[in-house]
Trainee: 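I have a structure here, written as structure tokens, and I will follow up with some questions on it.
It should be emphasised that the depicted structure is a prediction, and the values quoted were computed from it without experimental measurement.
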Amino acid sequence: MAIAVEVIGWIGAVLVLIAYISVSTGRLTGGSAAFHWLNAVGAGCFILNTWWHGALPSMALNIIWSGIGFTALYRMWRRRSA
């Protein structure tokens, strides 16, 4: 189980890093669905990893980070379906 949690944590790190690099290089915009998916899922992976390690401040930050991403995606979906 410990190895799975570490792998999930690294996947989260890679996803958030891809999001940051993609916006920084102009491949994605900060308002794109891809950017928000990368951040929200990456933060979700971090939530599990930081909970496992007892890093509660990081876990709280990533809960908020993921919530922001999923809220943005929900708003995008709502605008599209209206």
Trainee: Identify, with sequence neighbours excluded, every residue that meets side-chain contact (heavy atoms from CB on, under 4.5 Å) alongside Val7.
Mentor: Ile3, Ile11
Trainee: Considering only Ile, Leu, Val, Met, Phe, Trp and Tyr, and joining two whenever side-chain heavy atoms are under 4.5 Å apart, list the other residues clustered with Ile64.
Mentor: Ile68
Trainee: Identify, with sequence neighbours excluded, every residue that meets ring-ring contact (aromatic ring centres under 6.0 Å, His included) alongside Trp52.
Mentor: none
Trainee: In Å and rounded to the nearest 0.5 Å, what is the CH2 to CE distance from Trp37 to Met76?
Mentor: 11.0 Å
Trainee: Arg80 versus Arg75: any side-chain heavy-atom pair under 4.5 Å?
Mentor: no
Trainee: Tell me every residue that passes side chain to side chain donor-acceptor pair (under 3.5 Å) with Asn62, counting only those two or more places apart in sequence or in another chain.
Mentor: none
Trainee: If the condition is ring-ring contact (aromatic ring centres under 6.0 Å, His included), which residues does Trp77 pass it with, not counting sequence neighbours?
Mentor: Tyr74
Trainee: Taking all heavy atoms of Ala33 and all of Leu73, pick out the closest pair and write down the distance.
Mentor: O-CD2, 3.7 Å
Trainee: Which donor-acceptor pairs under 3.5 Å do the side chains of residues 38-51 make with protein atoms, sequence neighbours left out?
Mentor:
{"residue": "Asn39", "atom": "OD1", "partner": "Trp65", "partner atom": "NE1", "Å": "3.0"}
{"residue": "Asn39", "atom": "ND2", "partner": "Phe35", "partner atom": "O", "Å": "3.3"}
{"residue": "Asn49", "atom": "ND2", "partner": "Val5", "partner atom": "O", "Å": "3.0"}
{"residue": "Thr50", "atom": "OG1", "partner": "Phe46", "partner atom": "O", "Å": "2.8"}
{"residue": "Thr50", "atom": "OG1", "partner": "Ile47", "partner atom": "O", "Å": "3.2"}

Trainee: In the hydrophobic cluster built from side-chain contacts under 4.5 Å, what are the other members alongside Ile21?
Mentor: Leu17
Trainee: For residues 10-36, pull every pair meeting side chain to side chain donor-acceptor pair (under 3.5 Å), keeping only residues two or more places apart or in separate chains.
Mentor: none
